[in-house]
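Here's the structure we're looking at; comments come further down.
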Amino acid sequence: MRAGLVQLTVTDDPVANLAGTLAHVRAAVAGGAGFVLTPECTNLLSSNRAHQRAVIVPEDQDATLAALRDEAARAGIWLLAGSLGVATGDADGRFANRSFLIGPDGGIAARYDKIHMFDVNVSETEVYRESAAYRPGSRAVLADTPFGRIGMTVCYDLRFAHLYRRLAQAGAQILTVPAAFNHITGAAHWEVLLRARAIECGAWVLAPAQCGFHAEAHGKGRRTHGHSLVVAPWGEVVSDAGDQPGVSFADIDLAAVAAARHRVPALEHDRAFEGP
């Protein structure tokens, strides 16, 4: 299976973002991808709560999701909408940061709500509280496809190795990590964490990312790291998209999963222990 990773620089305007996203998805299909992946926050990046409330809608009303479902059906591909902000109807008004796996019939094969919220103090001037606007998910998700079993995660999940180990031990051969990784933490940690998850799990890691400066008409904007990566089960970086929007490709061979897990069967070697 050829994977095509879409790298984007979205704004806080879902309508404008969609046109660029579809153009890149079509470029991925033209390049032979049968599995196309977009990053976290494909429909928008916004730091303004009032603007979020004005434009984020339930998934059955989301134009980005509808268009990506139509595109998957038209092209006959599998498509991961890395994540979309969707309204949940929760009493506290918080949204879900939800990843969608779409089948070649346009149907939604799996949904995953990001479990770990990005509540961090990157610097004195960059403080993030994702949980103020988004409520965390509570369920790990596996999805079966003709080309392998997929474990679905999103961005900040990457720092929680136990989630990936659980997915791999449950049969995941491919781990998806769509992200809008901060430019500071990304430069320091992005590649090494993705390679670590691939090595620990003996799995392919596919990580489509946001890149560059994300202008906001209703907020201050932010920067993301880019460098969408594909990492093989032995830890080699197979594809790096750099720091500009576009599409990168990698051919996914599940034989590499079996080979890595045979050489180092660490997923079978857990032992109980006491303390601390």
Side-chain angles (χ1 to χ4, degrees), residues 3 5-6 8 10 21 25 35-45 56-60 62 64-66 68-69 72 77-90 94-119 130-131 133-181 193-194 197-198 200-201 203-210 228-231 252:
L5 277 64
V6 171
L8 299 172
V10 302
T21 299
V25 168
F35 183 27
V36 178
L37 304 88
T38 70
E40 182 184 27
C41 301
T42 290
N43 56 349
L44 83 161
L45 263 173
I56 295 177
V57 298
E59 68 171 67
D60 61 357
D62 188 87
T64 300
L65 179 59
L68 291 175
R69 293 181 65 179
I77 59 167
W78 287 85
L79 195 156
L80 182 84
S83 86
L84 306 175
V86 296
T88 62
D90 287 4
R94 288 191 295 173
F95 311 110
N97 191 343
R98 182 168 296 164
S99 187
F100 295 88
L101 181 65
I102 301 166
D105 61 353
I108 297 172
R111 296 170 176 83
Y112 166 72
D113 286 359
K114 182 180 181 181
I115 292 173
H116 301 97
M117 297 288 96
F118 190 58
D119 290 355
E130 185 178 13
S131 64
Y134 292 85
R135 57 124 171 97
S138 59
R139 178 173 163 269
V141 173
L142 286 169
D144 287 312
T145 73
F147 53 89
R149 177 169 282 186
I150 295 174
M152 299 171 67
T153 72
V154 174
C155 200
Y156 191 55
D157 285 333
L158 182 59
R159 295 182 181 274
F160 300 87
H162 56 281
L163 171 61
Y164 294 84
R165 188 169 190 84
R166 181 86 63 88
L167 290 167
Q169 288 177 327
Q173 300 153 302
I174 299 166
L175 301 166
T176 54
V177 195
F181 227 75
L193 286 171
L194 289 169
R197 299 295 88 84
E200 292 164 352
C201 296
W204 285 95
V205 172
L206 309 183
Q210 297 279 355
S228 299
L229 292 186
V230 176
V231 185
I252 307 304

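We use all heavy atoms of the structure for the numbers below, so side chains are in, but hydrogens, waters and symmetry mates are not. In this text the structure is predicted, and so the values were computed from the model without any measurement.
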Side-chain contact test, heavy atoms from C-beta onward, threshold under 4.5 Å: evaluate it for [X] versus [Y] and give yes or no.
X: L206; Y: L80; answer: no
X: V177; Y: L193; answer: no
X: T153; Y: L175; answer: no
X: R98; Y: E59; answer: yes
X: L158; Y: L194; answer: yes

Supply the atom-to-atom distance [X] [atom1] to [Y] [atom2], rounded to the nearest 0.5 angstrom.
X: Q173; Y: L167; atom1: CD; atom2: CG; result: 12.5 Å
X: L8; Y: T21; atom1: CG; atom2: OG1; result: 4.5 Å
X: L163; Y: M152; atom1: CG; atom2: CE; result: 12.0 Å
X: C201; Y: Q169; atom1: SG; atom2: CD; result: 8.5 Å
X: L84; Y: L44; atom1: CG; atom2: CG; result: 9.5 Å
X: W204; Y: I252; atom1: CH2; atom2: CD1; result: 4.5 Å

List the steps and the verdict of ring pair (Phe, Tyr, Trp, His ring centres under 6.0 Å) for F160 and Y164. CA-CA 7 Å; F160 300 87; Y164 294 84; 9.2 Å; no
Are the side chain of D62 and the backbone of V86 linked by a donor-acceptor contact shorter than 3.5 Å?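 Not confirmed, D62 side chain does not pair with V86 backbone.
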Please check if the side chain of S83 supplies one atom and the backbone of C41 the other of a donor-acceptor pair under 3.5 Å.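 Yes.
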Apply salt bridge (Lys or Arg N to Asp or Glu O under 4.0 Å) to E130 and list each qualifying residue two or more places apart in sequence or on a separate chain.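 E130: salt bridge (Lys or Arg N to Asp or Glu O under 4.0 Å) contacts with K114.
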Under 30°, 30 to 60°, or over 60°: which ring-plane class applies to F35 and F147, parallel, tilted or perpendicular?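 Answer is tilted, since the angle falls between 30° and 60°.
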Is the closest side-chain donor-acceptor distance between Y112 and D157 under 3.5 Å?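 Yes.
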Output side-chain donor-acceptor pairs under 3.5 Å for residues 134-141, partner residues at least two apart or in another chain, one line each.
residue : atom : partner : partner atom : Å
R135    : NE   : D90     : OD2          : 2.8
R135    : NH1  : D113    : OD2          : 3.1

